[in-house]
Amino acid sequence: MSDHTVDVAIVGGAVMGSSIACHLAMDPDFTGSLLVIEKDPSYAKCASALSAASIRQQFSCPVNIEISLYGIDFLREIGARLAVGDDRPQIDLHEGGYLFLATPDKRAILEDNHALQTRMGADIVFLEAEGLQRQFPWLNTEDISAGCWGRTGEGWFDGYGLMQAFRKAARAHEVPYLAGEVMRSEREGSGFRLTLGDGTTVSCGQLVNAAGASGAAAIAADLEIPFPVESRKRMIFTFDCREAVAGCPLLIDPNGTYVRPEGTGFLCGSAPPETADPESHDFDVDHSFFEDHLWPTLAHRVPAFEAIKPGAAWAGHYDMNLFDHNAFVGPVEGVPGLFLCAGFSGHGLQQAPAVGRGIAELIIHGGYRTLDMSALAYGRMARKEPVLELNVV
């Protein structure tokens with residue numbers, strides 16, 4: 001007999017797991033028992049705490065645009081949506097916008113994406129090089145053909161605060177959290193049995209795999225599910241600038257380097273080349289990446305960044321879906337009761353409000369009731385139908 005027996009077990013108690021738990025617990029149609037299992041209750045190394053924490057509608061896939069349109073409304077209203085008594089959470093949402101820049105050879109992609117985004121209701125402004133110079137006079141546009149800027153609805157926020165707001169609301173609705181690492185997952189009758197590192201066992205009728213970069217793949221392997229999700233290290237560097245860079249958005253250079261304001265300074269990062277991006281679980285920071293790649297790019301794009309003072313740096317991890325860089329969300333055909341919520345490839349924080357609601361709807365009602373995210377279903381891999389996202393940062 002297991003130490004815990006519940007209707008639904010969620011493995012992973014960071015932003016995704018806590019969003020799912022919160023949405024389940026707050027839905028009056030959910031009458032079952034629920035347990036969240038989190039291996040690191042300090043959340044010191046989770047992606048939610050180490051992310052650059054931003055939200056955008058500038059995607060090339062309709063489902064990602066829809067998810068983020070819902071997400072920005074949720075973040076704007078988080079004080080009311082996740083209030084616990086008189087405590088209204090704050091996440092310091094700053095709608096400074098994303099600014100994607102395109103060289104002449106990539107202009108057509110930018111134009112196509114802009115047409116889709118605005119057709120779906122996103123407030124994205126297409127700017128020729130001259131318009132970019134007027135809006136952002138500190139920007140070097142000598143090699144730029146055009147750019148797209150999120151006038152509203154895009155920006156950055158306190159990602160750790162969002163995770164804690166979901167968690168606190170879930171706990172206020174009496175959702176129990178169990179500290180422990182799942183070491184083995186197996187089928188048990190029509191449900192599942194989980195064994196934790198200390199020998200504790202959990203039996204459940206429905207299992208949600210939201211274990212992220214550090215655990216989702218192991219759970220899938222135990223259940224013999226092909227799962228092309230690996231942990232990829234991403235580093236964030238901070239710096240101060242001597243000159244003012246007024247109205248700086250989250251700027252995406254054509255080579256993928258990004259920079260945005262952070263307090264009185266800035267933070268920046270970029271994905272390394274694919275040939276230098278192995279699976280990784282360490283948190284070591286390679287400062288030469290800043291010196292050799294990031295700073296030269298930033299100084300070229302924003303001349304004021306030639307004179308900077310480097311600050312703190314840290315590393316976190318993406319749960320990278322190598323199939324198409326989009327998450328697996330929803331049930332798994334042939335494994336009744338199992339739900340995937342992993343492989344977000346860096347988009348997890350901004351997608352947590354919509355995905356948490358969607359998984360809750362699947363568990364309670366057997367289907368999506370609001371936003372249809374079936375395009376992200378696991379079955380697309382077997383059908384060899386990737387949902388290719390062109391705007392991966």
Side-chain angles (χ1 to χ4, degrees), residues 8-27 34-41 43 45-55 63-64 67-68 70-71 74-75 78 81-82 89 91 157-171 175 177-178 181-182 185 206-220 227 229 231-232 316-321 325-332 338-364 368 371 373 376-378:
V8 180
I10 300 171
V11 182
V15 72
M16 279 297 170
S18 289
S19 176
I20 296 165
C22 178
H23 281 91
L24 280 170
M26 293 175 69
D27 192 320
L34 175 61
L35 177 67
V36 179
I37 304 168
E38 169 55 44
K39 72 175 184 179
D40 178 19
Y43 296 102
K45 297 296 186 181
C46 73
S48 305
L50 299 173
S51 167
S54 52
I55 183 167
V63 66
N64 286 333
I67 286 171
S68 283
Y70 172 78
F74 189 98
L75 296 185
I78 191 170
R81 289 177 181 262
L82 297 183
I91 57 168
F157 58 94
D158 179 358
Y160 185 81
L162 175 63
M163 178 195 71
Q164 289 292 0
F166 276 128
R167 186 179 186 278
K168 188 170 184 177
R171 294 299 303 268
V175 175
Y177 278 62
L178 177 63
E181 182 176 3
V182 174
S185 309
Q206 295 174 299
L207 173 63
V208 181
N209 183 357
S214 63
I219 293 172
F227 196 67
V229 175
S231 177
R232 292 289 192 266
H317 297 96
Y318 283 0
D319 53 332
M320 187 67 74
N321 187 343
H325 290 184
N326 274 301
F328 290 129
V329 176
V332 178
L338 177 64
F339 297 87
L340 296 180
C341 184
F344 287 89
S345 306
H347 305 144
L349 272 171
Q350 64 186 294
Q351 296 190 331
V355 170
R357 180 186 64 173
I359 295 289
E361 290 173 349
L362 291 172
I363 292 172
I364 298 168
Y368 293 115
L371 173 59
M373 291 182 282
L376 299 178
Y378 175 75

> Are side-chain heavy atoms of K39 and V11 found at a separation under 4.5 Å?
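The answer is no; the side chains never approach within 4.5 Å.
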> So, taking the atom named CG in N64 and the one named NE2 in H347, what distance separates them when rounded to the nearest 0.5 Å?
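Interatomic distance, N64 CG to H347 NE2, rounded to 0.5 Å: 6.5 Å.
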> Measuring from atom CD1 of I359 to atom SG of C341, what distance do you get when rounded to the nearest 0.5 angstrom?
5.0 Å
> Counting the benzene-type ring for Trp, do F166 and F74 have ring centres under 6.0 Å apart?
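So the answer is yes for these two rings.
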> For F339 and L207, run side-chain contact (heavy atoms from CB on, under 4.5 Å): C-alpha distance rounded to whole Å, both residues' side-chain angles, the deciding distance at 0.1 Å, then the answer.
CA-CA 6 Å; F339 297 87; L207 173 63; over 6 Å; no
> Are R357 and Y70 in a cation-pi setup, meaning NZ or CZ lies under 6.0 angstrom from the ring centre and within 45 degrees of the ring axis?
yes
> Using 30° and 60° as the class limits, which term best fits the ring planes of F227 and F328: parallel, tilted or perpendicular?
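Tilted.
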> With a 4.5 Å heavy-atom cut-off, do I78 and F157 have their side chains touching?
no
> To the nearest 0.5 Å, tell me how far Q206 CD sits from I10 CD1.
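Answer for the CD-CD1 pair, Q206 versus I10, is 10.5 Å.
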> If you measure from CE on M163 to CG on D158, what distance do you get to the nearest 0.5 Å?
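Reported to 0.5 Å precision, the distance equals 9.5 Å.
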> Nearest 0.5 Å please: distance from the CE atom of M320 over to the OG atom of S231.
9.5 Å
> What's the verdict on side-chain contact (heavy atoms from CB on, under 4.5 Å) for S48 and L349, showing C-alpha distance, side-chain angles and the deciding distance?
CA-CA 7 Å; S48 305; L349 272 171; 4.3 Å; yes
> Drop me the distance from M16's CE to F344's CZ, to the nearest 0.5 angstrom.
3.5 Å
